[in-house]
Engineer: 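Have a look at this one before I ask anything.
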There are 2 protein chains.
Amino acid sequence: MSTSLIRQLRDAGYKITPPRLAVLEIIQREGEHLNPNEILAHAQAIHPQTGRATVYRTLELLTQLGIVRPIYVGDSGPTYIRAQGGHHHLVCSRCGAVIDFDQCVADGMERELEERFGFRITSHLLEFYGLCAHCQTLTSAALSE
Amino acid sequence: MSTSLIRQLRDAGYKITPPRLAVLEIIQREGEHLNPNEILAHAQAIHPQTGRATVYRTLELLTQLGIVRPIYVGDSGPTYIRAQGGHHHLVCSRCGAVIDFDQCVADGMERELEERFGFRITSHLLEFYGLCAHCQTLTSAALSE
DNA sequence: CGATTATTGAGATGGATTCTCATTTGTTCG
DNA sequence: CGAACAAATGAGAATCCATCTCAATAATCG
């Protein structure tokens with residue numbers, strides 16, 4: 001498992017502990033869209049004593065270090081993803097359906113924003129909101145009643 | 001205050017009630033980035049009996065109708081914005097600072113996505129994550145200790 | 001205006017997150 | 001290697017936010 005992330009933690013002055021290793025391992029392995037509860041469960045599979053509070057604390061830490069990031073999609077609570085690259089969604093505001101798409105024009109903007117605002121950008125999120133094909137028909141049906 | 005939103009509610013078969021009017025009014029007026037609690041407080045300034053549950057119910061309704069949309073930025077919980085046009089943020093994953101910027105390339109993608117997925121798109125959110133200028137210095141300081 | 005039905009408000013409930021604090025464990029340094 | 005120190009942990013309590021329940025109310029339609 002990635003030693004560079006471990007080095008990043010250590011260099012920032014944090015201790016390398018079993019729960020932190022477990023959470024890192026899970027983010028590396030499973031990666032996408034696990035919520036804190038699921039992360040806890042997976043972590044306990046690796047290090048059974050892992051407590052809930054520690055998972056929350058670790059996720060906060062990894063977020064601050066720019067290693068992971070919470071994402072809110074649909075109605076459910078936060079899920080965590082690796083904080084690198086882009087995530088692109090089409091979200092139906094009526095039924096909550098989510099479609100992922102790939103091509104994205106945001107990368108082209110990163111350089112310019114970094115220069116303009118002095119940021120070091122590591123990831124982005126692009127979401128479009130509207131009505132999916134299905135919910136469009138529902139809405140017009142409601143209107144014509 | 002906007003009669004078109006009221007018509008939209010009525011046409012969709014919903015009743016026009018004081019709490020709904022109050023929330024609509026607030027979204028129109030204040031518009032940006034109020035959380036449910038703040039919306040409740042403002043609504044009670046207009047219609048004192050307004051209950052918390054009703055605010056949540058109304059926000060859910062307005063979300064489904066594509067009038068408002070929750071947004072999660074930084075660490076705090078959801079805030080609500082008008083669901084139209086674009087919102088563009090630069091978010092520091094370490095300190096949570098948020099910078100708004102204007103120019104956006106996403107508009108150019110809407111048409112194509114609408115055709116490809118059959119969506120009717122009404123708004124978008126583009127967020128870049130990374131380290132702000134200040135937190136970059138903090139991190140390198142930590143590294144050099 | 002009266003009937004019908006959606007909507008409301010108050011409080012109970014539920015679930016997720018954070019806090020507290022005594023204990024444990026990494027890390028550093030002799 | 002083996003203290004010593006500070007950081008990190010885990011268990012449960014406490015808090016906070018959101019949802020649910022249900023009897024009472026009020027908007028709409030004829």
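Chain letters run A, B, ... following the sequence lines, proteins first, then strands; residues in each count from 1.
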Engineer: Within the pair B:H47 and C:dT8, is there a side-chain N or O less than 4.0 Å away from OP1 or OP2?
Structural biologist: no
Engineer: Just how far, in rounded Å, is C1' of C:dT7 from CZ of B:R10?
Structural biologist: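 From B:R10 CZ to C:dT7 C1': 15 Å.
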Engineer: B:L90 and A:Y72: same hydrophobic cluster, using ILVMFWY side-chain contacts below 4.5 Å?
Structural biologist: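 No.
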Engineer: At the 4.0 Å heavy-atom cut-off to chain A, mark where contacts on DNA chain D begin and end, going 5' to 3'.
Structural biologist: D:dA6 to D:dA11
Engineer: Please report the distance, rounded to the nearest Å, between OH in B:Y14 and C1' in C:dT5.
Structural biologist: 14 Å
Engineer: Does C:dG9 have its OP1 or OP2 closer than 4.0 Å to a side-chain nitrogen or oxygen of B:T54?
Structural biologist: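 Yes.
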Engineer: Can you name the ring pair (Phe, Tyr, Trp, His ring centres under 6.0 Å) partners of A:H42, sequence neighbours left out?
Structural biologist: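 If we apply the ring pair (Phe, Tyr, Trp, His ring centres under 6.0 Å) test to A:H42, skipping adjacent residues, there are no hits.
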Engineer: Whole angstrom is fine here: how far is it from CD1 in B:I46 over to P in C:dT8?
Structural biologist: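 Spelled out: CD1 on B:I46 to P on C:dT8 is 14 Å.
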Engineer: If you define the side chain from C-beta out and look only at heavy atoms, does anything of B:L126 sit under 4.5 Å from A:M109?
Structural biologist: yes
Engineer: Not counting sequence neighbours, which residues clear ring pair (Phe, Tyr, Trp, His ring centres under 6.0 Å) with B:Y129? List them please.
Structural biologist: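 For B:Y129 there are no ring pair (Phe, Tyr, Trp, His ring centres under 6.0 Å) partners, ignoring immediate neighbours.
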Engineer: Sequence neighbours excluded, which residues qualify as side-chain contact (heavy atoms from CB on, under 4.5 Å) partners of A:D102?
Structural biologist: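 Residues passing side-chain contact (heavy atoms from CB on, under 4.5 Å) with A:D102: none at all.
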Engineer: Looking at five pairs on each end of the helix from C:dC1-D:dG30 to C:dG30-D:dC1, what is the angle between the two axes, given to 10 degrees?
Structural biologist: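 Answer for the end axes of this duplex: 50°.
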Engineer: Just one of B:H89, B:H88, B:H87 clears the ring pair (Phe, Tyr, Trp, His ring centres under 6.0 Å) bar with B:F101, so which one?
Structural biologist: B:H88
Engineer: Between the main-chain N or O of A:G66 and the side-chain N or O of B:R94, is there a donor-acceptor pair closer than 3.5 Å?
Structural biologist: no
Engineer: From CG of B:L61 over to P of C:dA6, roughly how many Å is that when rounded to an integer?
Structural biologist: 14 Å
Engineer: Could you tell me whether a side-chain N or O of A:E38 sits under 3.5 Å from a main-chain N or O of A:T79, the two making a donor and an acceptor?
Structural biologist: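 Side chain of A:E38 to backbone of A:T79: no pair is present.
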Engineer: If you define the side chain from C-beta out and look only at heavy atoms, does anything of B:Q8 sit under 4.5 Å from B:L5?
Structural biologist: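 The answer is yes, as the side chains (C-beta and beyond) meet within the 4.5 Å cut-off.
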Engineer: Which nucleotide wins on minimum distance to the side chain of A:K15, given the candidates C:dG9, C:dT27, C:dA6?
Structural biologist: C:dT27
Engineer: Report, one pair per line, the protein and nucleotides 16-19 of chain C atoms (nitrogen or oxygen only) whose separation is under 3.5 Å.
Structural biologist:
residue, atom, partner, partner atom, Å
C:dT17, OP2, A:Y56, OH, 2.1
C:dT17, O5', A:Y56, OH, 3.1

Engineer: Measure from the side-chain N and O atoms of B:S93 to the backbone N and O of B:G130, and report whether any donor-acceptor pair falls under 3.5 Å.
Structural biologist: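 Yes, B:S93 side chain to B:G130 backbone: donor-acceptor pair under 3.5 Å.
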Engineer: Using a 4.5 Å cut-off on heavy atoms from C-beta on, say whether the side chain of A:R20 contacts that of A:L62.
Structural biologist: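 Contact flag for A:L62/A:R20 side chains = no.
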